[in-house]
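What you see is a predicted model; the values in this text were computed from it and never measured. Numbers restart at 1 for each chain; the letters A, B, ... are given by sequence-line order, proteins then strands.
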Amino acid sequence: MYIDQHNGVDMGVDLKDIIPGEAKTVIEDLRILHGKIIVIDGYNALYQFLAAIRQPDGTPLMDNNGRITSHLSGLFYRTINIVEAGIKPVYVFDGKPPELKAREIERRKAVKEEAAKKYEEAVQSGDLELARRYAMMSAKLTEEMVRDAKSLLDAMGIPWVQAPAEGEAQAAYIVKKGDAYASASQDYDSLLFGSPKLVRNLTISGRRKLPRKNEYVEVKPELIELDKLLVQLGITLENLIDIGILLGTDYNPDGFEGIGPKKALQLVKAYGGIEKIPKPILKSPIEVDVIAIKKYFLQPQVTDNYRIEWHTPDPDAVKRILVDEHDFSIDRVSTALERYVKAFKENIRGEQKGLSKWFSKPK
DNA sequence: CCGTCTCA
DNA sequence: TGAGACGGG
């Protein structure tokens, strides 16, 4: 497994400032996506849960053996809400990261180790808020956590796809093929991989605390449509990839000196491609093979070896994982499972309560 | 993050 | 009925 490639906080390419309003739709009610298959970036979701589900001092939820369970709690309850909204979820998990990412993975590892040290210091000094921040930054997803998450999804009857490399690339491929309606992630990378539709803020809920402030803002899911984005900016997908590379991607995280969203768009439009921009204009802190990066976004490693099928939930198997293995409360899990099984029948199996009576044979 | 409880 | 506090594992 290749766990260290994410840091869970801010990763990937930051396209937020170049996405035109016309390409975005705020999803006021999740039920707008009723009946739609959504491919969720599993690592991205698990990291969000791992970072967010903590006590004020940064301690995550743990079972009686001291094993972290925040990711399972988040995955369980959030998946139930998604199914209750009528969405058909499928998760995709990262495989082996491409060689291009090696440097970034090393960098993230160093950042995490530093954050872990700072966390210890903050705990010692009794600064709870600081401790929580560093705990979130140092959150690490282990192989065991990912295995547990996959087992839980199996027990819930939710399909997951093992990507050969980048999960975002595989998600984009599945949407492009028409096997799903949209990809879901906090990151914009799947757009560069050509996903026609991206849903952000699906695995986080309505209210989010502003960092370092005692205020909350409403966070609503939003749909970003690639074709509208390209038309509005008057560019091609290749141009968008170029813009991403200029701003910085996982494969060249520092981007290029002095180039922000506006300049990136202007340069790409003016020259027609990153490789045609005069070298003196492009100053990078490190040597970057822009052609290789571009090629990777256009032809990432993906697979057709997946099946998107929902299976009847197995409540006993869910209880074995959550209650027996990880000390969740039997009452809470049972209540949630009842809701889930009902929603699954109605929304994924398409069975309606009392429908049989309409179709029953007249006597 | 989530569900649950309290209280206006 | 809904915002806010709280505990979950």
Original post:
Hey, mind stepping through R107(A) and E104(A) against salt bridge (charged side-chain N to carboxylate O under 4.0 Å, His left out) and telling me if it holds?
Top reply: CA-CA 5 Å; R107(A) 191 189 65 83; E104(A) 170 65 359; 2.9 Å; yes

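Using a 4.0 Å heavy-atom criterion, one finds that S329(A) contacts the sugar-phosphate atoms exclusively. Among the heavy atoms of the strands lying under 4.0 Å from S73(A) is at least one base atom, whether or not backbone atoms are also near. If you check every strand for non-hydrogen atoms under 4.0 Å, N81(A) touches sugar and phosphate atoms only.
Side-chain atoms of N239(A) and L233(A), non-hydrogen and from C-beta on, never get closer than 4.5 Å to each other.
In this structure, the CD1 atom of I321(A) is 16 Å from the C1' atom of dG9(C), given to the nearest Å. Regarding D63(A), its CG atom lies at a distance of 15 Å from the P atom of dG8(C), rounded to whole Å. With rounding to whole Å, L61(A) atom CG is found 13 Å from dC1(B) atom P. One atom, CZ of F76(A), and another, P of dG8(C), lie 17 Å apart when rounded to the nearest Å. Here dG3(B) presents its P atom at 11 Å from CD1 of I53(A), a figure rounded to the nearest Å. Nucleotide dC2(B) holds its C1' atom 17 Å from the OH atom of Y340(A), rounded to whole Å. When rounded to the nearest whole Å, the span between CD1 of I40(A) and C1' of dC1(B) equals 14 Å. Rounded to an integer number of Å, the gap from NE2 of H326(A) to P of dG9(C) is 13 Å.
Distance from the side chain of T335(A) is smallest to dT4(B) among dT4(B), dG8(C), dG3(B).
Using modelled atom types and a 3.5 Å distance limit, the side chains of Q162(A) and K150(A) yield a donor-acceptor pair.
By the side chain to side chain donor-acceptor pair (under 3.5 Å) test, T69(A) pairs with no residue at all, sequence neighbours left out.
An OP1 or OP2 oxygen of dC2(B) is reached within less than 4.0 angstrom by a side-chain nitrogen or oxygen of R78(A). Residue R339(A) places at least one side-chain N or O closer than 4.0 Å to OP1 or OP2 of dG3(B).
Each of I37(A), I38(A), I158(A) was evaluated against V90(A); a single residue qualifies, I37(A), per the side-chain contact (heavy atoms from CB on, under 4.5 Å) test.
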